[in-house]
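Right, one structure below, let's go through it.
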Amino acid sequence: MNKTQAERLAERYGGSAASDQKKEMAMPGGPSSRGRALSAGGKPKNMRRTVARLWAYLAEEKALLIAAMICAVICTVATLMASYMLRPVMNRFLYVDPEHADISGRLSALAWALCGMAAVYGVSVLTQWLRQRIMLAVSQRALRRMRQALFDKLQTLPIRYFDTHPAGDVMSRFTNDVDTVGEMLNTTLIQIISGAITVAGTIVLMIYTNPLLASITIIMTPILTLVSKVIVKKGRGAYAEQQRNLGMMNGFAEEIISGQKVVKVFDHEEIAQEEFDTLNASLCEAQIKAQFRAGVMGPITHQLCNLSYALTACVGGILVVVRGFDIGGLTVSVNYTRQFNRPINEISMQMNTVFAALAGAERVFDVLDEAPEKPDENAERMERITGHVVLDHVSFGYEPGVPVLHDVSLYAKPGQTIAFVGSTGAGKTTVTNLLSRFYDIEQGSITIDGVPIERIARPFLRQNIAMVLQDTHLFTGTVRENIRYGRLDATDEEVEQAARAASAHGFITQLEDGYDTMIENDGANLSQGQRQLLNIARAAISRAPILVLDEATSSVDTRTERFIEAGMDALMESRTTFVIAHRLSTVRKADAIMVLEHGRIVERGTHEELLQSGGRYADLYHEIAQLE
């Protein structure tokens, strides 16, 4: 069945992979980096649990919360008292006998009564300001902890998570989702708390003023609650769908913006526009549905509140005529009916914010609930690693039942260089991923210095492996800081030595500020070859005894490649090195070359031995020689 463009884009950007294993995933039967839909779609799995987890972030500020609650109570009580003060004022000054009226005395008393009401309202305004200021601090601190928890969690997640989730969608959790939570905590939460106190206080004073009129308002409450519940149920899933579509569009936009050169060189601007239009239309439709379902609550509840207000006024008027109910009491009762319904109206108008916030919070909690990398068990304490690596009958697949490596065995003695060559998708990068424990093996064993790799603590293991990947990545900062990232305690002299070893010193000194030149936007102000040279220098400064070069020279021209060969030889001289390369000229000096096809080692030997054997390596060598 043919899928629509919207369905294809939903599969791609609802949980796609910008993976380091693109080559392996391209092989037939390999793991699919697309087609993993996020779990954020549909209704929140457990709204009560989401609310409880949000409250846990707020509860850490107990002292401020208590202060805010006290301010809310004082504000509500003051507002209700000021409203109730209308009753004696109206009863005393509304009915005036002109013949016996002491106009001057009455005006003086009225002025004092109004001043008293003003003072009470002043207390209400002051405590309302304090309440909002305190809650703003509480909510922002809660958001700070949430963002920190989210970032800390990402540092513990395995590479598999980042391979199966687009960067734009992950960033959306930090920005859009956390922002919607912040909007709710900043305004809506305090309105809900204050509204609950107002409703409780109003009910007490309404019953005290006139139980019959109070019962009319109270009876209308279940109707309002039922209507709100129905609308909330309808809107909850709509807002979760809106957040999911927003994450998809962000993921697409991030990918297209970062790949503008590729888009333009293949003249795919119109296709990108069409795909964005599809995602944008889906988001628009989801937002219309969500906003409508939330927005309809306000008018409906408002009219129900008006109905309650009208009934109270009518019945109260009858009581005034028939039962002698005082005008002041009627005025206060009607006013309390309005005050009783006002917080319900305010809350209903804020439900769109609540829906979006809960959907966003659940997406954040989905990340926080992800299983981290398995903890190290029975890790052996190793003083140092010399670099004796053995793979014994290793098999592995990114997805269960879809193997990428089949019964791979090899060894590397300290200081040796082992090269991997083969077609795209043969499993070369997978070997290095297993060596760094980005993924754990399924069958067989990998040992380093005789210790099974799973019994070596990950931090210690990775500190002893330096990597230069095909995809360069530089951080915002100076050239010196980017090289020093390989070993933070390196001196300036060691930084320059590493740059010389990687043949990067020459071009660095030609930069405007030399080693203090700022690098921004992942090295956009440098050429691709210069960026790779800095990555090589970063690995050179590391004292790791094991070095992994994954297509390290693929981004440099032939002249630059030859220029850095001497530096690379010096870099690899005392390290166990694993080299992955398409250019066979970079692996000629390797102590052993492993030829992989479909996840199996089909040939192994030195460059000369493999050429003499006339097998797959010889074919690859002659094919590439003709191209060069």
Side-chain angles (χ1 to χ4, degrees), residues 17 19-27 29-31 33 157-164 372-377 379-380 382 385 387-412 416-422 424-471 544-552 575-581 592 594-602 604:
S19 117
D20 288 337
Q21 288 76 32
K22 290 178 181 177
K23 291 169 282 187
E24 278 76 7
M25 292 183 177
M27 65 181 295
S33 63
L157 294 178
I159 291 296
R160 183 184 296 274
Y161 179 84
F162 300 97
D163 287 344
T164 55
E373 282 190 310
K374 293 181 181 179
D376 298 312
E377 298 179 356
E380 293 189 11
M382 301 179 66
I385 287 179
H388 187 206
V389 180
V390 177
L391 279 70
D392 185 23
H393 300 289
V394 171
S395 295
F396 171 78
Y398 291 105
E399 291 183 351
V402 186
V404 175
L405 292 181
H406 305 265
D407 196 30
V408 172
S409 296
L410 60 91
Y411 69 89
Q416 283 190 329
T417 297
I418 306 299
F420 298 98
V421 298
T424 298
K428 303 183 297 296
T429 299
T430 299
V431 174
T432 59
N433 284 338
L434 297 178
L435 185 63
S436 303
R437 286 195 70 190
F438 291 153
Y439 292 86
D440 287 325
I441 60 175
E442 297 173 353
Q443 296 179 6
S445 68
I446 300 177
T447 61
I448 297 179
D449 293 351
V451 179
I453 197 171
E454 61 272 10
R455 293 172 61 181
I456 303 176
R458 282 192 185 88
F460 182 77
L461 173 67
R462 292 169 183 171
Q463 288 169 8
N464 285 274
I465 299 177
M467 301 188 74
V468 180
L469 302 176
Q470 179 180 6
D471 297 326
I546 300 175
L547 179 65
V548 175
L549 305 175
D550 188 352
E551 302 285 4
R575 307 183 191 214
T576 302
T577 305
F578 294 90
V579 179
I580 298 173
M594 306 293 163
V595 183
L596 278 78
E597 289 296 332
H598 303 297
R600 301 180 186 274
I601 297 178
V602 295
R604 65 180 76 203

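- Among residues two or more places apart in sequence or in another chain, the side chain to side chain donor-acceptor pair (under 3.5 Å) test is passed with Asp392 by none.
- Ala466 and Ala544 get closest at one heavy-atom pair: N-CB, 3.6 Å.
- With contacts defined as side-chain heavy-atom distances shorter than 4.5 Å, the pair Ile546/Ile448 qualifies.
- For the atom pair OG1 of Thr576 and CD of Gln416, the computed distance is 7.5 Å after rounding to the nearest 0.5 Å.
- In this structure, the side chains of Thr430 and Tyr398 come closer than 4.5 Å at one or more pairs of heavy atoms.
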Problem - Test log, rule side-chain contact (heavy atoms from CB on, under 4.5 Å), inputs Leu434 and Phe396 - result: CA-CA 9 Å; Leu434 297 178; Phe396 171 78; 3.8 Å; yes
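- Looking only at side-chain heavy atoms (C-beta outward), Val404 and Tyr439 stay at 4.5 Å or farther from each other.
- By the side-chain contact (heavy atoms from CB on, under 4.5 Å) test, Gln443 is found to be paired with Ser395, residues two or more places apart in sequence or in another chain being considered.
- Looking at heavy atoms from C-beta onward, Met594 lies in side-chain contact with Ile418 at the 4.5 angstrom threshold.
- A distance of 11.0 Å separates CG in Leu549 from CZ in Phe578, rounded to the nearest 0.5 Å.
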For residues 456-464, run the donor-acceptor check on the side chains, cut-off 3.5 Å, and write out each pair with its distance to 0.1 Å, sequence neighbours left out.
{"unit_1": "Arg458", "atom_1": "NH1", "unit_2": "Lys374", "atom_2": "O", "d": "2.3"}
{"unit_1": "Arg458", "atom_1": "NH2", "unit_2": "Lys374", "atom_2": "O", "d": "3.2"}
{"unit_1": "Arg462", "atom_1": "NE", "unit_2": "Ser436", "atom_2": "O", "d": "3.0"}
{"unit_1": "Arg462", "atom_1": "NH1", "unit_2": "Glu373", "atom_2": "OE1", "d": "3.4"}
{"unit_1": "Arg462", "atom_1": "NH2", "unit_2": "Glu373", "atom_2": "OE2", "d": "2.9"}
{"unit_1": "Arg462", "atom_1": "NH2", "unit_2": "Arg437", "atom_2": "O", "d": "2.8"}
{"unit_1": "Asn464", "atom_1": "ND2", "unit_2": "Phe460", "atom_2": "O", "d": "2.7"}

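- Residues meeting the ring-ring contact (aromatic ring centres under 6.0 Å, His included) test with Tyr161, sequence neighbours left out: His165.
- Shown here are the side-chain contact (heavy atoms from CB on, under 4.5 Å) partners of Val390, two or more places apart in sequence or in another chain: His388, Tyr411, Thr447.
- In this structure, OG1 in Thr432 is found 9.5 Å from CD1 in Ile465, a value given to the nearest 0.5 Å.
- Looking at every heavy atom in both residues, Asp376 comes nearest to Ala379 through CB-CB, 4.2 Å.
- Interatomic distance, CG of Asp440 versus CZ of Phe438, reported as 12.0 Å (0.5 Å rounding).
- For Arg604, there are no salt bridge (Lys or Arg N to Asp or Glu O under 4.0 Å) partners, not counting sequence neighbours.
- Residue Ile601 is tested with Val408, Leu391, Leu405 for a side chain to side chain contact (heavy atoms under 4.5 Å, CB included); the sole match is Val408.
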Problem - Audit row: Asn433, Ile159, side-chain contact (heavy atoms from CB on, under 4.5 Å) steps and yes/no - result: CA-CA 9 Å; Asn433 284 338; Ile159 291 296; over 6 Å; no
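- For the salt bridge (Lys or Arg N to Asp or Glu O under 4.0 Å) test, no residue two or more places apart in sequence or in another chain qualifies with Arg600.
- Distance check: Ile446 CD1 to Glu454 CD gives 8.5 Å after rounding to the nearest 0.5 Å.
- Side-chain atoms of Asp550 do not come within 3.5 Å of backbone N or O of Val468 as any donor-acceptor pair.
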